[in-house]
There are 2 protein chains.
Amino acid sequence: MDDASAAREAVEAGLDAGELVTVFGRCRVDYDGRASSELGPGDRLLVLKPDGTALVHTDEGHQPVNWQPPGCDHEARLTDGELHVHSVRTTPEETLDVYFASVAAVNRYAVTDDSELSVSGTEADLREHVLESPSLVEAGFEPRATERETAAGAVDIYGVDADGNAVVVELKRRRVGPDAVGQLDRYVTALRRESHDGTTVRGILVAPSVTERASELLAEQGLEFVALEPPE
Amino acid sequence: MDDASAAREAVEAGLDAGELVTVFGRCRVDYDGRASSELGPGDRLLVLKPDGTALVHTDEGHQPVNWQPPGCDHEARLTDGELHVHSVRTTPEETLDVYFASVAAVNRYAVTDDSELSVSGTEADLREHVLESPSLVEAGFEPRATERETAAGAVDIYGVDADGNAVVVELKRRRVGPDAVGQLDRYVTALRRESHDGTTVRGILVAPSVTERASELLAEQGLEFVALEPPE
DNA sequence: GATTCTATCTCGCTG
DNA sequence: CAGCGAGGTAGAATC
């Protein structure tokens, strides 16, 4: 399709009909909002979703080179004889403008999708695994609560060990770095502060493995590590 | 069917030609790798990029419901009479399988895109801003190094204050939570340990704003905060 | 390759 | 609405 006017009408009609619209062609892109960006001419795929999402994809990469999140208002204009897709949102105020020097194709698809994605191997699965078999953490460990609130946030699993000490368990589904140790340390520190008596509070990081620096941090903070993979 | 066979050939031809290929139709999706997932039938857009990226998009959301990162091998098969796109990668081993019960359209696009995206308003811009006008942090602040290495990682900006104390500056381009305070604290702690003499080490978080919990953490750790927006 | 950190992160949940 | 943390985070820089 070489006619910008016809392209504009096709895009607008698709948007009005609540369809998923794709435009392939040579375009440049301007974004302004939380940051701002400019992108010179190139061949790209523009995807406009009925929920107000916009995606500009190049020939490379998982991530769109430019985008607009769900909830935006899209508009197809004719600006200086070019197809111009203008997308706006508020809080924060952000605008995306895609100018097509040429349009190779506009496609419209009516979509119905009622299926839910079911994922396994998540942190929630790891939590269930530990709750079903607390001895995986250590012999005598007894979980008492999940998502237990502290001043520093919610603890993944809170419980007691065989000696009656309080235990904070932080779960991670994959190999962890220093950030997870900091997270665990914040919870342990908060709980020590909150327990007025002399209760000992232990912190245990449960994950498949830790990096070297994270391991050093654990040692420094007197925290512990238990190697455990998420099930499945 | 004849349909599926033609679709398979179109997809395979596009992949062979190094083109960007899109398939719209009713499909189900299986993923197995770092985690695993199942997705029942629905109308979706499959995007196959010449760099080995695969994206499955529904009618909603910024994120693809399933995907495969760059560097994968895509293959278009005919399985039980259906178009079946099979994508594999290694390290980690991951597979994505998309089975189309029906194909509404297969589109192929030859892509050339040489333009670079230029973004502004990033953390790097904020760093330049501070280095050009160190007094934005505080009067008398003198930057001495960027990305200065410590046992806990690289410090954004390292310098000295008017009294000759060491100063660690952690930059964030937007409002920050507890994680950033933890990061700054790790750097300050590491530097205090590394400076054998009695040098005072101050930690300053530079960001547009902080959350309440982050503010409390800053106070607890004896760290400071300076409000500063990224330029532009 | 592994590690670390940024990101217009997105997303979901909770208060 | 903001805050907080998970994510198959992805991507980049560095070692």
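Letters A, B, ... mirror the listed sequences (proteins, then strands); counts begin at 1. Treat the numbers as computed from the prediction; the structure is a model and nothing was measured. FYI, side chains are in, hydrogens and waters are out, and symmetry mates aren't considered; it's all heavy atoms of this structure.
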Under the 6.0 Å and 45° cation-pi test, does A:R28 pair with A:Y99? yes
Measuring from the side chain of [X] (C-beta onward, heavy atoms only), which nucleotide among [options] has the closest atom?
X	options	result
B:R175	D:dG3, D:dG8, C:dT8	D:dG3
A:R34	C:dC5, D:dA10, C:dT8	C:dT8
A:Y31	C:dT8, D:dG8, C:dT6	C:dT8
B:R173	C:dC9, C:dT6, D:dG7	C:dC9
B:R174	D:dG5, D:dG7, C:dC9	C:dC9

In whole angstrom, what separates [X]'s [atom1] from [N]'s [atom2]?
X	N	atom1	atom2	result
B:E116	D:dG11	CD	P	15 Å
B:I157	C:dT6	CD1	P	13 Å
B:D179	C:dT4	CG	C1'	14 Å
A:D156	D:dG5	CG	C1'	9 Å
A:R127	C:dC13	CZ	P	12 Å
B:L117	C:dT8	CG	P	9 Å
B:L126	C:dT8	CG	P	14 Å
A:E229	D:dG8	CD	P	16 Å

Heavy atoms only, 4.0 Å cut-off, all strands: where does [X] land among base, sugar-phosphate and nothing?
X	result
A:R186	sugar-phosphate
B:S37	nothing
B:E170	sugar-phosphate
B:Q183	sugar-phosphate
B:A152	sugar-phosphate
A:S36	nothing
B:E123	sugar-phosphate

Determine: side-chain N/O of [X] to OP1/OP2 of [N], distance under 4.0 Å, yes or no.
X	N	result
B:Y187	C:dT4	no
B:T211	D:dC4	yes
B:T122	C:dT8	no

DNA chain D: B:E212 or A:G121, which has the more 5' nearest nucleotide? B:E212
Go through the side-chain N and O atoms of A:S37 and A:D30 and say whether any donor and acceptor fall under 3.5 Å apart.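 No pair is found: no donor N or O on one side chain lies under 3.5 Å from an acceptor on the other.
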What residues 56-70 of chain B contributes to the DNA chain C interface at heavy-atom separation below 4.0 Å is B:G61, B:H62, B:Q63
Taking the side chain as everything from C-beta on, heavy atoms only, tell me whether B:R148 gets closer than 4.5 Å to B:L191.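 They are in side-chain contact.
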By nearest heavy atom, map A:E149 and A:R213 onto DNA chain C; which one lands nearer the 5' end?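 Between the two, 5'-proximity favours A:R213.
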Nearest-0.5 Å distance, CG of residue B:D113 to OG1 of residue A:T58: 5.5 Å
List the steps, then state whether side chain to side chain contact (heavy atoms under 4.5 Å, CB included) holds for B:E75 with B:R77. CA-CA 6 Å; B:E75 207 180 306; B:R77 300 175 179 172; 3.1 Å; yes
Quick one: sort the A:H62 and B:W67 rings into parallel, tilted or perpendicular, breaks at 30° and 60°. perpendicular
How close do A:L217 and A:P178 get, heavy atom to heavy atom, and via which atoms? CD1-CB, 3.5 Å
P atom, D:dG5 versus C:dT8: distance in rounded Å?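 Looking at atom P only, D:dG5 and C:dT8 are 22 Å apart.
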Taking D:dC4 as the reference, what is the distance to D:dG8 when you measure between their P atoms (whole Å, please)? 23 Å
B:E142 and B:R144 ion-paired at < 4.0 Å: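 Salt bridge present between B:E142 and B:R144.
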Exam field: side chain A:H129 to backbone A:P134, donor-acceptor pair closer than 3.5 Å: no
